[in-house]
2 protein chains.
Amino acid sequence: MTMKARRGERRTDALSKDRIVEVAIAILDAEGESALTFRTLAARLATGAGAIYWHVADKTALLTAATGDLIDRALAEGDDAPPRQAVRALALRVFDLIDAHSWVGGHLAREPWQPAMLRIFEGVGRQIQALGVPESTQFNAATALVNYILGCAGQNAANARLMPPGTDRDAALAAFAAEWTKLDPAEHPFVRKMAARLGDHDDREQFLAGVDLILAGLEAGR
Amino acid sequence: MTMKARRGERRTDALSKDRIVEVAIAILDAEGESALTFRTLAARLATGAGAIYWHVADKTALLTAATGDLIDRALAEGDDAPPRQAVRALALRVFDLIDAHSWVGGHLAREPWQPAMLRIFEGVGRQIQALGVPESTQFNAATALVNYILGCAGQNAANARLMPPGTDRDAALAAFAAEWTKLDPAEHPFVRKMAARLGDHDDREQFLAGVDLILAGLEAGR
DNA sequence: ACCTGAACACCGTTCAAGT
DNA sequence: ACCTGAACACCGTTCAAGT
């Protein structure tokens, strides 16, 4: 997108970190996490695989840069809503991003110590502060929320791996529900009862319900 | 441990799924997730790499079996405590297990649709039921708790990767805190303020604080 | 039925050599 | 300064061949 065109650059489509990340995201989005290879990426960029290493340290750094780009974009929209609504909106933006790009969820879950995660932590923390949570519990509260988001991110990535684009989602969930129902009633009574809810539940709503639970706990402690 | 000794077996140390899993766990615990290779595993078992495939479908299945073993063992201890204490105890047992075997955290986060996860879900759900949570919210509540645990599991695995055994934990955390302090005060005021708490926080305590937050939210909704 | 081990089809990463 | 592409050091997995 914003290609830092340097002076003295020869071709319009010269290699640059931005362009590499851009193409990586395109591959990731279109074909999934497992399709991103330095060889395929290099082919798409019409270079050698080694060339990429001049611009990016390694594959983890590449994924981190790609994740950072998307998270930045997702968090860019301002929110001057009251804190309670603002956290929900923030969480929801992260959820929707991960839902649209499941590999982001995978990378966040795998590498939580990355700038994008810090940005989420910052956004969450600010609202928690605005919520009037006492200083002594702000750290725990923000961490809890972020860890919850992280867990959902991983779940989402796993789901995407399990049901690649083109999969009949309803059928896949029905298959899981059927398996749950086959479990030993003595050992898994609760799971069996929940099988019925698997099919008609809404991931997004469920995600938000978890956020609300944590926020409610925070307000109860107030 | 419990080697299903089949009739007609030749050597005492014949290959079996149990023995493979046992040795895999030993490698994982001693040298970390990246050290487990079908080649090293086969070498340790004094066989060829291909032999393992007769007993285990693939590497994921191996990790799943190993994780299942440890989770089973960790959840085996009964808890006839009141539900509130029982969930905390259950969560804590999972945390301590993951803390001792970080690869379990990694695998749970990577593959949430596994029996071990279902067992955790079952345990959590039962107590949530006992807590008197209305049926309509039991699914969301149990999922939230499990997703939170999942997120912490991933965090823990990432931490272990970042600070392998022998690392000075205090120094590593101090380094992170120093980096946080170097962030732009305009963009990361909250993170900067939290840097001070990074060093003296207790992971286990923080984990439990998150569980309590969710439980408090559940009781507030009651 | 169970095991062997070479071979296959990949990976990420490095690096001498080029321009 | 930046790119090329062969080569290195691995992987998980398969499978013909053995016992």
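Just so we're on the same page: letters track the sequence lines, and every chain starts at 1. Because the structure is a prediction, the values reported are computed rather than measured.
Whole-Å rounding puts the B:H55 NE2 to C:dA1 P distance at 13 Å. If you take CG of A:L45 and P of D:dG5, they are 14 Å apart, rounded to a whole angstrom. Between B:F38 atom CZ and C:dC3 atom P there is a gap of 14 Å when expressed in whole angstrom units. D:dT14 atom P lies 8 Å from atom CG of B:D58, rounded to whole Å. Taking atom CG on B:L15 and atom C1' on C:dC2, their separation rounds to 9 Å, with Å as the unit.
Under 3.5 Å, the side chains of A:H55 and A:S16 contain no donor-acceptor pair of N or O atoms.
Comparing A:T37 and B:R39 against DNA chain C, the residue whose closest nucleotide sits nearer the 5' end is B:R39. Summary of the strand contacts: B:G50 and A:S34 both lie near DNA chain C, and taking for each the nucleotide with the nearest heavy atom, the more 5' one is attributed to B:G50.
If you check every strand for non-hydrogen atoms under 4.0 Å, B:I52 touches nothing. If you check every strand for non-hydrogen atoms under 4.0 Å, B:L41 touches nothing.
For A:K59, the listed nucleotide lying nearest its side chain is C:dG12; candidates were D:dT13, D:dT4, C:dG12. You'll find that the side chain of B:Y53 is closest to D:dT13, out of C:dT13, D:dT13, D:dC3. The listed nucleotides are D:dT4, D:dG12, C:dT4; the one nearest the side chain of B:A51 is C:dT4.
Within the 3.5 Å criterion, the main-chain N or O of A:D99 finds no donor-acceptor partner in the side chain of A:S102. The backbone N or O of B:P185 sits nowhere less than 3.5 Å from a side-chain atom of B:H188 that would complete a donor-acceptor pair. Side-chain atoms of B:H107 come within 3.5 Å of backbone atoms of B:T64 as a donor-acceptor pair (strictly under, hydrogens ignored).
Pairing of D:dA16, defined by two Watson-Crick or G-U wobble distances under 3.5 Å, is identified with C:dT4. Under the Watson-Crick or G-U wobble criterion, with both distances below 3.5 Å, C:dC10 has no partner in any strand shown.
A salt bridge links A:R169 with A:D203: at least one charged nitrogen is closer than 4.0 Å to a carboxylate oxygen.
Note on B:T47: every side-chain N or O is 4.0 Å or more away from OP1 and OP2 of C:dC3.
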